[in-house]
Amino acid sequence: MATPAPPISPPPFPKPITASPRKDTHPLSLLPKCNSLRELKQIQAYSIKTHLQNDISVLTKLINCCTVHPTTSSMEHAHHLFDQIPNPDIVLFNFMARGYARTTSPFRAFTLFTQTPNLVPDNYTFPSLLKACASSKAIQQGKQLHCLVVKHGQNCNIYVYPALINMYTECNDMDSAAQIFSRILEPCVVIYNALIAGYVRSSQPNKALSLFQELQARNVNPTYVTMLSVLSSCALLGALDMGKWVHKYVNRNGFDQHVKVSTALIDMYAKCGSLNDAVSVFESMTFRDTQAWSAMIVAYAIHGHGYRAISTFEEMKMAHVEPDAITFLGLLYACNHTGLVDEGWGYFFSMRDKYKISTGIKHYGCMVDMLGRAGRLYDAYKFINELPIKPTPILWRTLLAACNSYGNVKLGKLVIEKIFGLDDSHSGDYVIFSNMCARAGRRKDVNYIRKLMKDKGVEKVPGCSSIEVNNVVHEFFSGDGTRVEHRELHKTLDELVEELKLVGYVPDTSLVFHADMEDREKEATLRYHSEKLAIAFGLLNTPSGMTIRIVKNLRICGDCHSAAKFISSVFKRQIILRDVQRFHHFKDGKCSCGDYW
DNA sequence: TTAGGGTTAG
């Protein structure tokens, strides 16, 4: 008998989709993206509640979270979790290395690596470790890593090349960086970016720009990061024409949409002496972050518009953009150069008490400079002595400059002793102190300082001024007085100085370092100062009425400052001179700094 | 999960 066919049953109801309880309650599925401390706490609370705190994937997620935007305490937490894992894999290690590379204790990344020898590094390991060495300038460890990179056959790795180059550039070993670069047959844009940024960092803007030209010649497409370095190079050189060309290039290629590029443009225009262009870039921005506002505040400050810097800060507050330590540096800098001592104190205290931003050495430097410029030399001295940190030679040097301005040799002597106790290799200190003594008629002290400088083998940094004419940057050094190719320039300067004397210019030979020179010799030394050579070159090689723009590597000397004022009125030329500190706009016999510098 | 960047007292 045949077995009756089973009754046709209706198709079964689809099974209700019930996710496994494990999966449903798994914190990772609830928080797919975790990159904040708040989320970290949520995951942790959830994992404890659901007894998943020892789940390796939860721990991985937690360590990732701690190390994305790490702080010292979040790294301590990450390390604590890492120690709990019996056999951490390379992914976990990479998280840890990244975290340490991004905090102020990058050295620990290297230590952790040496303490976990069984790990096999992958593509992501060396870049983080190298970055850690770069940020702590640990070149010895960096070199050891370079050897390991070669050992693991990762020396041709596209991720490792930029990190290696960056490590060497941040450790100021540009030769090694350039050597690695030269061996790469087809460098990609990131590799170019690493070396170009290195040249900018080591103040070699010309090399950075020629590498940018090479990149273009080899048809490698630049990125916005490349443009940041290129704009920085223009800013360093003070090359406005070049900067304007880069601005057009940036617009043509759509990089101007990037807020960082616009910020770099503001900085470039400000440092190339064109505040108006900086303002128009700033005004054209649809979105402005803290850095963009800060760049504009700094731009006003270096051009001596203290009040505009302050009103920009007020606008920034109205726009609800939070200031940072650099914003306040710009504000203090603005107060400095405008003589706004009370406002400066106000900002100094409000950044600390109201905005909870910690004051750093650079803010202290601003305060010392501000008090010093206002002639409150002993207040500045007291301020330095009462600082919570050990004063650096730079802080004392700032006060020394103020002592020089006010001719206070007594305090100056005390200050130079403090400086020499910390660092006696800075030629500028000897020069300033010698100038002070010379002006006070203390010839013996001048001779002593000169001898000291000679005995210690300290060499004076030659003054260098540059001027850009028809896209070529011409450099002049103070010692160029004897160069044959400058004969015509000397003749022009000789005639110029005689003409200026007729309208009241008196060369200030007290500023000449060599006290034993004859007055005629001193005048000749002064006459061929680099900034005067550059101005004369500008007068000869640019059409009448055109603004002359000069960039100087040191502070402008008092005599050149006076001569430039006379030149601006006699020749009806505007002269914009950027020295190591700030801008001087000379027009109709006056300077924008109001002689307050 | 990885590389590359700007604003910074004297």
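So you know, we letter chains A, B, ... as the sequences are listed, proteins then strands, and number each from 1. As the structure is a prediction and not an experimental result, all values here were calculated from the model.
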According to a strict under-4.0 Å criterion, is [X] in side-chain N/O contact with OP1 or OP2 of [N]?
X	N	result
A/Tyr333	B/dT7	no
A/Arg102	B/dT1	no
A/Asn166	B/dG4	yes
A/Arg397	B/dA9	no
A/His363	B/dG10	no
A/Lys362	B/dT7	no
A/Ser232	B/dT7	yes

May I have the distance from [X] (atom [atom1]) to [N] (atom [atom2]), rounded to whole angstrom?
X	N	atom1	atom2	result
A/Arg555	B/dA9	CZ	P	13 Å
A/Ile361	B/dT8	CD1	P	18 Å
A/His258	B/dG4	NE2	P	16 Å
A/Asn64	B/dT1	CG	C1'	7 Å
A/Asn221	B/dG4	CG	P	20 Å
A/Ile191	B/dT2	CD1	C1'	14 Å
A/Phe181	B/dG4	CZ	C1'	13 Å
A/Tyr224	B/dA3	OH	P	13 Å

Please check if atom CG in A/Asn87 has more than 12 non-hydrogen atoms from other residues, nucleotides or ligands closer than 6.0 Å. no
The side chain of [X] lies closest to which of these nucleotides: [options]?
X	options	result
A/His337	B/dG10, B/dA3, B/dT1	B/dG10
A/Arg98	B/dG4, B/dT1, B/dG10	B/dT1
A/Asn94	B/dT7, B/dA9, B/dT1	B/dT1
A/Ser128	B/dT8, B/dT2, B/dG10	B/dT2
A/Ile326	B/dT2, B/dG4, B/dT7	B/dT7
A/Leu395	B/dA3, B/dT1, B/dA9	B/dA9
A/Pro127	B/dA3, B/dG10, B/dT8	B/dA3
A/Tyr124	B/dT1, B/dG4, B/dG10	B/dT1
A/Asn193	B/dT1, B/dG10, B/dG4	B/dG4
A/Leu329	B/dG10, B/dA9, B/dT1	B/dA9

Under 4.0 Å between any heavy atoms, over every strand shown, what does [X] touch: base, sugar-phosphate, or nothing? Just pick one.
X	result
A/Asp267	sugar-phosphate
A/Ile196	nothing
A/Thr263	base
A/Val298	sugar-phosphate
A/Ala264	nothing

Quick one: ring pair (Phe, Tyr, Trp, His ring centres under 6.0 Å) partners of A/Phe126, sequence neighbours excluded? A/His152
Who are the side chain to side chain donor-acceptor pair (under 3.5 Å) partners of A/Ser229, not counting sequence neighbours? none
Verify whether one side chain among A/His337 and A/Tyr300 offers a donor that lies under 3.5 Å from an acceptor in the other. no
Do the side-chain N and O atoms of A/Asp324 and A/Thr290 include a donor-acceptor pair separated by under 3.5 angstrom? no
With distance as the sole test, does A/Lys137 use its side chain to make a donor-acceptor pair with the main-chain N or O of A/Glu170 at under 3.5 Å? yes
Does A/Arg397 pair with A/Asp423 as a salt bridge, N-O distance under 4.0 Å? yes
